There are 2 protein chains.
Amino acid sequence: MGRVKLEIKRIENNTNRQVTFSKRRNGLIKKAYELSVLCDIDIALIMFSPSGRLSHFSGKKRIEDVLARFANLPDQERELAIVFPEQGQHQRFSYRSDIQNTEQLRNESDIALQLSKPTAITSEDEELHHEIARLLQQLDLAEEQIRIYEPDPIKFTSMGELEIM
Amino acid sequence: MGRVKLEIKRIENNTNRQVTFSKRRNGLIKKAYELSVLCDIDIALIMFSPSGRLSHFSGKKRIEDVLARFANLPDQERELAIVFPEQGQHQRFSYRSDIQNTEQLRNESDIALQLSKPTAITSEDEELHHEIARLLQQLDLAEEQIRIYEPDPIKFTSMGELEIM
DNA sequence: CGCCCTATATATAAGTA
DNA sequence: TTACTTATATATAGGGC
């Protein structure tokens, strides 16, 4: 999007890297803002500049509330999340099969999420999350079963509606 | 960026809103990815689609690590952060004159991260109920769809038998 | 939902101040 | 770091499959 096509790899020149960061950060924030308004969604964007300074954005809700919504998601729901890893080298933070006990999860990142976890959550909340997780799982099972019959969902209008979820 | 200039306000048509979300979400993720690589920075992006499903992205670090870095920031640093409120107006919160002491800020921030604010729980609670209602409706749609194919709920013992069908 | 296509709207790389 | 300019590279609205 400039005079020259820019290869997507680390900009080695410090000044250029910082300048590019400032410009693109603004563009990214603008896009995030537009998306949040157009689609009326919760969104949280956190960035640390090359020099380590924090920049962040969230739509109508406070960023802490969005992060809280993320942190309090039921396990299953997070598992089903659409994730965009950089190069497929990502790991899901918990529920990894290679982790045998929760002790191993007690690193910095997990502590962070713990900050917004349970403490003050009512049991009713937990139940609701559980219920949602259960429903999501059922939906996935149902979807899978439907796909067995009809590999091409587009043919059926009701399927189209189902896919929307 | 399309055939027509789109006004930045909530898209009322449900289908269009969802389609626009999907398209722009991909664009936003791409931008976030490019920024993270070009400038070699930590970034975390969390979005909840119009239907409530989670999408998220982070660069080479796990999103939890980035959130941890955010959560563990000293209050002062977070205060100095470049924040982009809803309207995309680039405001600097540094040295706000309307803040007399950092004490109240620290409390507010902590409460937010701990998700223990009563009001937040209430609204969150409503959202959960809405989500459950939504999932139940979609599950009904799915089950109805399945019934079309399978009037009698037969249990298959293996995928092999299913494929034969 | 995801992919394709095309006409337009936007973002932005470089350079300059 | 921010502002402005301009030539180009990209993103995307709308419509179809």
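The model shown is predicted, which means the values in this text are computed figures rather than measured ones. We name chains A, B, ... by the order of the sequence lines, and we start the count at 1 in each one. Side chains are part of it too, since the values below use all heavy atoms of this structure and drop only hydrogens, waters and symmetry mates.
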Over how many whole Å does the gap from [X] atom [atom1] to [N] atom [atom2] extend?
X	N	atom1	atom2	value
B:Lys30	C:dA11	NZ	P	15 Å
A:Glu7	C:dA14	CD	P	12 Å
A:Lys5	D:dT10	NZ	P	4 Å
B:Arg25	C:dG2	CZ	C1'	10 Å
A:Phe21	D:dT2	CZ	C1'	15 Å
B:Arg17	D:dA13	CZ	C1'	17 Å
A:Leu28	D:dA11	CG	P	12 Å
B:Leu6	D:dT12	CG	P	11 Å

**Q.** Beyond-backbone contact of A:Phe57 with A:Ser36, side-chain heavy atoms, under 4.5 angstrom
**A.**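 Yes - at least one pair of side-chain heavy atoms lies under 4.5 Å apart.
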
Q | Pairwise 5' ranking along DNA chain D for B:Val4 and A:Ser49, keeping only the more 5' one | A |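 The 5'-side residue here is A:Ser49.
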
Q) How do A:Val19 and A:Gly2 order along DNA chain D: which one's closest nucleotide is nearer the 5' end? A)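 The 5'-side residue here is A:Val19.
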
Q | Any residue meeting side chain to side chain contact (heavy atoms under 4.5 Å, CB included) with A:Val66, in chain and number order, not counting sequence neighbours | A |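 With neighbours one apart ignored, the set is A:Asp42, A:Ala44, A:Lys61, B:Ile46, B:Phe48.
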
(Q) I'd like to check the side chain to side chain contact (heavy atoms under 4.5 Å, CB included) partners of A:Asp40; sequence neighbours left out, ordered by chain and number. (A)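 A:Asp40 satisfies side chain to side chain contact (heavy atoms under 4.5 Å, CB included) with B:Arg10 only.
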
Respond yes when some side-chain nitrogen or oxygen of [X] is under 4.0 Å from OP1 or OP2 of [N], and no when none is.
X	N	answer
A:Arg3	D:dT5	no
B:Arg53	C:dC1	no
B:Lys31	C:dA11	no

Q | Counterpart residues, salt bridge (Lys or Arg N to Asp or Glu O under 4.0 Å), relative to A:Glu7 (two or more places apart) | A |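 Partners of A:Glu7 by the salt bridge (Lys or Arg N to Asp or Glu O under 4.0 Å) criterion come out as none, since no residue qualifies.
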
Q | Residue list, salt bridge (Lys or Arg N to Asp or Glu O under 4.0 Å) with A:Arg17, at least two apart or on another chain | A |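 Testing A:Arg17 for salt bridge (Lys or Arg N to Asp or Glu O under 4.0 Å), a comparison that skips the adjacent residues, returns none.
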
Q: Specify the residues of residues 8-16 of chain A, ordered by number, for which at least one heavy atom lies under 4.0 angstrom from an atom of DNA chain D.
A: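 Nucleic-acid contacts, sorted: none.
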
Q: Please work out if B:Lys23 contacts a base, only the sugar-phosphate, or nothing of the nucleic acid, heavy-atom cut-off 4.0 Å.
A: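 Base, at least one base atom sits under 4.0 Å.
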
Q | Among C:dC1, C:dA13, C:dA11, the one nearest B:Ser22 by side-chain distance | A |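 The nucleotide sitting nearest to the side chain is C:dC1.
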
Q. Counting side-chain heavy atoms from C-beta on, which of C:dC1, C:dA11, C:dA13 comes nearest to B:Gln18?
A.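 Closest nucleotide to the B:Gln18 side chain: C:dC1.
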
Q.
Would you compute the distance between atom CD of B:Gln18 and atom CZ of B:Arg53 and round it to the nearest 0.5 angstrom?
A.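 Nearest 0.5 Å value for the CD-CZ distance: 10.5 Å.
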
Q) Under the side chain to side chain donor-acceptor pair (under 3.5 Å) test, which residues partner A:Thr20, sequence neighbours left out? A)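 Partners of A:Thr20 under the side chain to side chain donor-acceptor pair (under 3.5 Å) test: none.
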
